[in-house]
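Data first, discussion second: the structure below is written as structure tokens.
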There are 2 protein chains.
Amino acid sequence: MPSPDRKISESTVRRLSAYLRSLEALEASGAEMASSGELARRAGTTAPQVRKDLSTFGSFGKRGLGYPVVPLIGSLEAILGLTREWRVALLGAGRVGAALHTYPFFRERGFRIVAIFDNDPEKVGLRWDDTTIRHIDELESVLAGEAVEIAILTVPAAPAPALADRVVRAGVGAILNFAPARLELPPHVVVNEVNLAMELELLSFALTRSEPR
Amino acid sequence: MPSPDRKISESTVRRLSAYLRSLEALEASGAEMASSGELARRAGTTAPQVRKDLSTFGSFGKRGLGYPVVPLIGSLEAILGLTREWRVALLGAGRVGAALHTYPFFRERGFRIVAIFDNDPEKVGLRWDDTTIRHIDELESVLAGEAVEIAILTVPAAPAPALADRVVRAGVGAILNFAPARLELPPHVVVNEVNLAMELELLSFALTRSEPR
DNA sequence: CTTGGGTTGTGAATCTATTCACAAGCGGGC
DNA sequence: GCCCGCTTGTGAATAGATTCACAACCCAAG
């Protein structure tokens with residue numbers, strides 16, 4: 001796998017993730033090979049796009065035949081960094097945190113939640129599966145002790161920026177932010193924002209423009 | 001407001017949504033005017049980008065002064081379609097559904113959840129606030145009766161595509177899909193996918209590429 | 001009234017991403 | 001061994017988004 005030095009765009013990575021899911025469906029249905037056209041159909045893109053995306057990372061297909069399903073799954077997992085375990089902390093044990101914690105994807109894909117934090121004394125000490133909820137005061141020591149690499153923020157907007165700073169200072173390299181607040185962090189930190197407001201406003205914008213005609 | 005006919009890109013709309021949030025923060029802090037630079041700093045983009053985005057929809061600023069905060073909030077709300085109420089249905093009364101239902105943003109912004117569905121007989125009949133959970137068998141009649149315009153899917157991947165079809169046939173024009181499944185729907189339907197797997201894989205990809213150096 | 005610092009609005013230039021087109025390669029059939 | 005249908009891999013062309021540069025404008029101060 002060439003693993004190129006040049007920058008890979010976010011949309012390419014999102015598509016790789018979609019190809020992986022398509023390939024897993026194909027594997028489950030017993031297919032051994034998949035053409036770029038088939039992958040495109042399932043992932044919602046075009047055949048040339050699939051080929052270009054994959055060719056960025058190597059030459060995985062056989063001309064005339066397509067891509068071998070099982071080996072390509074392995075290659076994509078390697079590219080996406082899914083062949084190892086990631087140590088994840090959950091900040092905020094509210095409803096969103098609970099929803100994420102029970103999501104089976106985490107286990108299946110090796111994202112292991114090793115720490116949960118909240119500032120509500122009622123919640124501190126409770127166990128979710130085999131993880132005890134810790135008070136946010138213990139953030140730094142627990143993050144270091146558990147060697148946390150990814151933090152998921154499911155706290156209100158107000159405390160989010162300060163918590164993100166603390167988490168980064170404690171050595172966490174990536175943040176998935178569900179709080180509707182912008183985080184200003186050093187460039188080496190990977191941040192990904194999921195903003196429900198934005199997603200709904202996208203819908204209302206599109207509906208508003210399409211309906212009055 | 002010119003409200004142009006040419007296509008507006010999704011990233012532009014996402015930024016408009018971010019500007020709106022930035023402006024609301026500025027309003028709360030008592031500011032009357034905001035420059036493109038100030039908005040860019042808060043929304044995480046550049047000043048020319050802010051000006052270009054806004055100029056797509058009209059001329060909202062005053063040269064030498066910036067943009068008037070309160071009027072621009074009103075203009076952005078109008079552009080994003082937030083000046084009216086939207087009737088929303090929640091499909092799936094699990095943890096994700098519960099998290100969304102309690103999110104105060106919905107009320108604040110006029111997204112009114114008028115129907116909740118599940119297929120679990122234990123849940124059917126329960127009330128969340130003042131909305132009774134209905135069985136999914138009643139989908140079509142309730143959607144029509146409540147004049148639902150937006151559906152939010154928080155169901156497992158397997159039933160998602162079929163439910164999306166039913167919802168669209170019942171006249172719903174927009175879907176926010178939290179299920180990790182691709183929906184193939186007629187082009188007039190607005191679909192927005194939120195995929196936790198993708199978001200996490202984006203992080204693990206970036207971490208994998210940045211760490212080994 | 002004029003000057004000057006500051007800011008918008010926008011065409012042009014640049015940069016990035018997607019799509020196209022086709023040579024190269026594979027395997028099955030004869 | 002040699003076509004032939006099929007599919008990849010990729011440079012070139014196109015389309016799309018962002019950034020730049022600057023004229024037009026606004027207000028305050030003198």
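Every chain is numbered from 1, with letters handed out A, B, ... down the list of sequences.
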Among dG9(C), dG9(D), dT18(D), the one nearest any side-chain atom of K52(B) is dT18(D)
Rounded to whole Å, CD1 of I8(A) lies from C1' of dA17(C) at a distance of 13 Å
Ranking dC26(D), dT8(D), dT19(C) by distance to the side chain of T46(A), first place goes to dT19(C)
Can you say whether the rings of Y103(B) and F105(B) are parallel (under 30°), tilted (30 to 60°) or perpendicular (over 60°)? tilted
Side-chain contact check for P48(A): nearest option of dC20(C), dG9(D), dT18(D) is dC20(C)
So, with a heavy-atom separation below 4.0 Å from DNA chain D, the residues of residues 26-41 of chain B are none
When rounded to whole Å, the NZ to P distance for the pair K62(B) and dA28(D) reads 13 Å
Next on the checklist: Looking only at side-chain N and O atoms, does Q49(A) offer a donor or acceptor that is under 3.5 Å from a partner on D53(A)?
Outcome noted: yes
D53(B) CG to dT18(D) P, in whole Å, measures 7 Å
Considering only heavy side-chain atoms of Q49(B), the closest of dT18(D), dG9(D), dT8(C) is dT18(D)
Between CG of L54(A) and P of dT18(C) the distance, given in whole Å, is 14 Å
Should R15(B) be listed as having a side-chain N or O under 4.0 Å from OP1 or OP2 of dT18(D)?
yes
Rounded to whole Å, the CD-P distance (E10(A) to dT16(C)) equals 15 Å
Requested in this report: Say whether E77(A) and T83(A), considering side chains only, have a donor N or O and an acceptor N or O under 3.5 Å apart.
Outcome: no
Winner on side-chain proximity to S55(A), out of dT8(C), dG9(D), dC20(D), is dG9(D)
*For E32(A), look at atom CD and say whether over 12 heavy atoms of other residues, nucleotides or ligands are found less than 6.0 Å away.*
no
Discussion item. Can you say whether a donor on the side chain of R63(B) sits under 3.5 Å from an acceptor on the base of dT7(C), or the other way round?
Written reply: no
Assess whether atom CD of E85(A) is packed by more than 12 heavy atoms of other residues, nucleotides or ligands within 6.0 Å.
yes
Distance test, side-chain N/O of Y67(B) to OP1/OP2 of dG9(C), below 4.0 Å: yes
Under a 3.5 Å distance rule, please check whether D165(A) uses its side chain to pair with a backbone N or O of R169(A) as donor and acceptor. no
From CG of L65(A) across to P of dG28(C) the rounded distance in Å is 8 Å
Separation of dA23(D) atom C1' from R51(B) atom CZ, nearest Å, is 13 Å
_Using 30° and 60° as the class boundaries, would you call the ring planes of H101(B) and W128(B) parallel, tilted or perpendicular?_
tilted
Side-chain contact check for S9(A): nearest option of dA17(C), dC26(C), dT19(C) is dA17(C)
Regarding the side chain of S59(A), the nearest nucleotide among dC26(C), dG9(D), dT10(C) is dG9(D)
When rounded to whole Å, the CZ to P distance for the pair R14(B) and dA17(D) reads 14 Å
Taken to the nearest 0.5 Å, the spacing of R42(B) CZ from R21(B) CZ works out to 14.0 Å
